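All figures in this text were calculated on a predicted structure; none of them were measured in a lab. Lettering follows sequence order; numbering is per chain, from 1.
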Amino acid sequence: MAFNQQNSTERGVSSGSKNKNVHPAAAKEPLYGFMPRKVGGDQVRFALEHEINPFTKQPHTQQYRKILEARKKLPVYAQMDEFYKMFNRNQIIVMVGETGSGKTTQIPQFVAYSDLPHTRNKLVACTQPRRVAAMSVAKRVADEMDVQLGRQVGYSIRFEDMTEPGTTFLKYMTDGMLLREAMNDPDLQRYSTIILDEAHERTLATDILMGLLKALAKRRSDLKIIIMSATLDALKFQKYFGLASDAAAPLFKVPGRTHPVEVFYTQEPEPDYVEAAIRTVLMIHRAEDPGDILLFLTGEEEIEDACKKIKLEADDLINQDPDSVGPLICIPLYSSLPPSQQQRIFDAAPSARTPDGPPGRKVVVSTNIAETSLTIDGIVYVVDPGFSKQKVYNPRIRVESLLVSPISKASAQQRAGRAGRTRPGKCFRLYTEKDFMSELEEQTHPEILRSNLANTVLELVKAGIKDLVRFDYVDAPAPETLMRALELLNYLAALDDDGNLTPLGAIMAEFPLDPQLAKMLIVSPEFKCSNEILTITSMLSVPNVWLRPNNQRKEADAAKALLSIPDGDHLTLLNVYNNYMQNKYDKNWAWTNYLSARALAQAENVREQLKRTMERYEVELVSIQEPRKLYLAVRQALCCGFFMQVAHKEGEKGSYLTVKDNQVVGLHPSCGLDNQPEWVIFNEFVLTTRPYIRTVTEVRPEWLLEYAPLYFDLSSFADGETKRALQRVVNKRSGKFDRVDSGADSGAQKKRKKA
DNA sequence: GAGCACTGC
C-alpha cells in the first residue's frame with residue numbers, strides 16, 4: 001500500500017530549516033530548493049518565517065507576522081509534517097477536521113507550497129457549498145498570505161470572478177462553479193490539486209464532482225484530490241476513493257477546537273414540539289446561567305408564531321417576578337428575511353434593567369440556516385425539537401416538495417455543536433434518547449437522492465459521461481429518477497434516442513437554468529419574442545417577487561391585481577419586470593407595489609447573465625411590437641419548454657388533471673387567471689395542504705399538438721376526457737387549422753368579458 | 001384561498 005512506503009526521494013530536500021545552515025540562495029529566495037510535491041514541513045516553515053514573501057517578492061508586513069502567530073496555534077498547523085508526508089505519497093486524501101481546526105484556510109495554503117502552482121501555470125482550487133464562504137475564506141487567506149485578494153489568491157462565484165488569470169494560483173470557488181468548468185473541460189487541466197471542502201454536506205454539485213474526480217484521477221495521475229469532511233462520513237469517502245478495490249484512501253485527521261456541550265433528552269416524546277420548544281426556552285431563561293439561546297424550528301410561519309408566543313410569555317414571567325427574571329429579546333431568522341433583519345442576530349443581548357438586576361438574554365429562533373450557513377457567536381444553549389423541512393422528490397409524478405421530517409443524527413450533532421463555539425454549552429433535545437438512538441437516521445439523505453435530476457443529467461452528459469446509470473456515484477440515485485430525467489431531456493430534444501447530446505442540448509447545458517427554461521429560451525427567437533422570454537425566464541429563476549405582509553394582505557392583493565395580465569401568470573411576471581424597469585427612478589416603487597426589490601434586482605442580474613450567454617451562442621434577441629401578437633407568441637413559446645407541464649380542466653368545479661401524469665390539481669390561490677381556461681401550462685406543481693399548480697398560463701391545445709407532436713401523440717394517452725378533448729382538436733384541425741385557431745381565441749375572449 | 005427549508009449555476 002502506497003500509504004506505508006518510505007519515500008526515498010524526499011530525504012535529500014528536507015533540510016531547509018532555519019536552524020540549519022541556510023544556503024546563500026535561500027536567503028533571497030524563500031522557496032529555494034523546493035521541488036513540487038517533494039516539499040517538507042521544515043522547508044515550508046522556513047519560507048513562512050522568511051523576510052521575503054515568495055509570491056510577491058515583497059518583504060512580509062507586520063500584519064502578516066501577527067496573523068502567522070495565530071496560525072501557528074491552529075491544530076492543523078501542528079500536523080504540517082504529517083500532512084506533507086501523506087500528501088506527497090498519495091493522489092487522493094480524505095481529511096477530517098472538526099470546526100476550529102483551521103482546515104479550510106490552512107490546507108489549501110499547505111498544498112500551494114507543495115504544488116508550487118505559480119511556477120507551473122496551474123491552480124489549486126478549494127470548493128465551498130456557499131458563495132459567502134468562498135468569498136470570506138478567500139479574503140482571510142489573502143490576508144494570511146500577505147497578498148491582495150483577487151491576485152495570487154482569489155475566488156470565483158456566480159456573477160463574480162475575483163481572480164487574475166496567470167497570477168491567481170489559489171482559488172476558492174463554489175462547487176457549482178467547478179462543476180460548470182468540468183462540463184467544458186472534463187480533464188480540468190488548469191488544476192494541480194482540487195480540494196472539496198464540506199463534502200459531508202453532500203450537495204448535489206459536490207456529489208457529482210466526487211464522481212467526476214474519481215474517474216479523472218485515473219486519467220490524470222498528476223492531479224491530486226483532497227476530500228475534506230466531518231468525522232462521521234470519513235470512512236465512506238475513504239472507501240469510495242480507494243483506488244484499488246480493497247484499499248481505502250488514507251485519512252488525515254485533525255482535532256477541532258470546540259467546547260464540550262452537555263446534551264439533555266426528554267423523558268417522554270413530546271406531542272407538540274413547538275409548544276415544548278417554547279416551554280424549554282422559558283425554562284432556560286428562568287433557571288439557567290446567562291448565555292444566548294438558539295431554537296431550531298422548520299419554517300417562517302412557525303418561527304414568527306413562536307417568537308410572538310415566547311415574547312408574550314416572557315413578559316408575563318417578568319411581570320410576575322421582576323427581581324429574578326431578566327429581559328429577553330426574540331429574533332427570528334430565515335433566508336427570506338431581508339439582510340438588514342438577518343443582521344439582528346448579531347445584536348447583543350439586552351442588558352439588565354437595573355445594575356444588579358437579572359441579566360438579559362437573546363433568543364434566536366431559526367430554520368436550518370443556522371445549522372450550516374450562519375454561525376452566531378455567544379450561543380450557549382441550543383433547543384432542538386428534531387425536525388426540519390426537507391426536500392423530497394417523487395419521480396413517478398415528477399414532483400419535488402417540502403416535508404417536515406425528523407432530522408438525522410449527524411444533523412442533531414451539528415445543532416448541538418452550535419452551543420459550544422464560545423464556551424461550554426447545553427443542548428436540550430425535545431425527544432427521548434431512545435428515539436435518538438433508534439429512530440433517527442445516521443445521515444441526512446444526500447441531495448442527489450432527493451432531487452429532480454434533469455439538470456444534473458444534462459450536465460453529466462455534457463461532461464462526457466456516457467452511461468449515467470452505471471456512473472460511479474457515491475450514492476446512486478433511484479433508476480426511475482434517472483429515467484425521468486433522460487425522458488424529459490429526450491422530449492426536449494436535448495438528447496437523441498440513444499442518449500447522445502444533440503447540438504441543441506449542448507447549448508441548453510450552457511445556460512444556468514432548468515432544461516425546460518433553457519429550451520424555451522433558445523427557441524424563442526422563432527416566435528419573435530426572445531426579449532420577453534428572457535425576462536420571464538429570469539423572473540422564474542429568482543425567489544417569489546410578491547410580498548404579502550400579514551397585516552396588509554388586502555392592499556398587497558390589490559396591488560398585485562393592478563399588475564396582473566389575465567391570460568396568464570407568466571405574462572404578469574413580464575409585466576411586473578417591465579414596470580419595474582420603467583420606474584427605476586423611483587426607489588420606493590417596489591415597496592409601494594408590494595414587490596420584493598431584492599428579488600427584482602436579482603432577476604435583473606440573472607437576465608444580464610443569461611443575455612450574455614444568448615449572445616455567445618447567437619440566440620437572437622427580438623420582439624414583436626404589437627402587444628396582442630406579442631402575448632400570443634410568448635404563450636406559444638412557453639409551450640415549447642413546458643409541454644410536459646400541462647393541465648386540462650375536468651368538470652366545472654375548477655379542478656384540473658395534469659396531462660399524462662393524471663394528478664388532480666387546483667389552480668394555486670395566487671394564480672391571476674380571471675377564468676378557468678380549459679388548457680393551461682404551469683411552472684410548478686406544489687404539494688402543500690392540497691396539490692396545486694402555480695404560475696399558470698392559458699394555452700391552446702393546437703399549440704401543444706403542433707410544437708410537441710411526440711409528447712402529444714394520441715396513441716400514447718390513456719383513455720379519458722383529456723384524450724377525447726385532444727382527439728376533437730385533431731379532428732377539427734385536419735384541413736382547417738387556421739379558422740379553428742382564431743375561433744377558439746374569440747371564444748375565450750367572450751368568456752372572459754362575461755366573467 | 002395559500003406560502004420560500006437551504007444552497008448553487
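For the pair A:E160/A:Y155, a side-chain contact is recorded, criterion being any heavy-atom separation below 4.5 Å from C-beta on. For the pair A:L170 and A:V141, the minimum side-chain heavy-atom distance is below 4.5 Å.
Across all strands, A:T174 comes closer than 4.0 Å only to sugar-phosphate atoms, never to a base (heavy-atom distances). Backbone-only contact: A:Y692 has heavy atoms under 4.0 Å from sugar-phosphate atoms and none from a base. A:T689 comes within contact range of the sugar-phosphate backbone alone, with a heavy-atom separation under 4.0 Å but no base atom that close. In this structure, A:I369 reaches the sugar-phosphate backbone alone: every heavy-atom distance under 4.0 Å involves primed, P, OP1 or OP2 atoms, never a base. Note on A:D514: nothing from the nucleic acid sits closer than 4.0 angstrom, heavy atoms only. A:R130 comes within 4.0 angstrom of the backbone, heavy atoms only, and of no base. Here A:R553 lies in heavy-atom contact (under 4.0 Å) with a base. Nucleic acid contact for A:P129: sugar-phosphate only, since backbone atoms but no base atoms lie under 4.0 Å from a heavy atom of the residue.
For B:dA5, neither phosphate oxygen OP1 nor OP2 lies less than 4.0 angstrom from any side-chain nitrogen or oxygen of A:S335. Between A:S670 and the phosphate of B:dA2, there is no side-chain N or O to OP1/OP2 separation shorter than 4.0 Å. OP1 or OP2 of B:dC9 sits under 4.0 Å from a side-chain N or O of A:R131. OP1 or OP2 of B:dC6 lies within a sub-4.0 Å distance of a side-chain N or O belonging to A:T367.
Side-chain atoms of A:K389 lie closest to B:dA5 of the nucleotides B:dG1, B:dC9, B:dA5. Of the candidate nucleotides B:dC6, B:dC9, B:dA2, B:dC6 has the atom nearest to the side chain of A:Y334.
Distance A:Q128 CD to B:dC9 C1': 16 Å, rounded to the nearest Å. For the pair A:F387 CZ and B:dA5 C1', the interatomic distance rounds to 15 Å; values are reported in whole Å. Atom CZ in A:R180 sits roughly 15 Å away from atom C1' in B:dT7 (whole-Å rounding). Rounded to an integer number of Å, the gap from CD of A:E201 to P of B:dC6 is 14 Å. Between the C1' atom of B:dG8 and the CE atom of A:M183 lies a distance of 14 Å, rounded to the nearest Å. Following rounding to the nearest Å, A:Q414 (CD) and B:dC6 (P) show an atom-to-atom distance of 16 Å. In this structure, A:I157 atom CD1 and B:dC9 atom P are separated by 7 Å, rounded to whole Å. If you take CD of A:Q342 and P of B:dT7, they are 8 Å apart, rounded to a whole angstrom.
Within 3.5 Å, a donor on the side chain of A:R548 pairs with an acceptor on the base of B:dG3, or the reverse.
Annotation for A:I303 and A:L333: closest pair CD1-O, 3.8 Å, computed over non-hydrogen atoms.
A side-chain donor from one of A:Q609 and A:R158 sits under 3.5 Å from a side-chain acceptor of the other.
Along DNA chain B, the nucleotide closest to A:Q609 and the one closest to A:S373 are compared, and the more 5′ of them pairs with A:S373. The residue among A:E300 and A:S541 whose nearest nucleotide of DNA chain B lies closer to the 5′ end is A:E300.
A:F436 and A:Y431 have parallel rings, their planes meeting at less than 30° on a 0 to 90° scale where 60° marks the start of perpendicular.
One finds the CG atom of A:L562 at 11.5 Å from the CG atom of A:D557 (value rounded to the nearest 0.5 Å).
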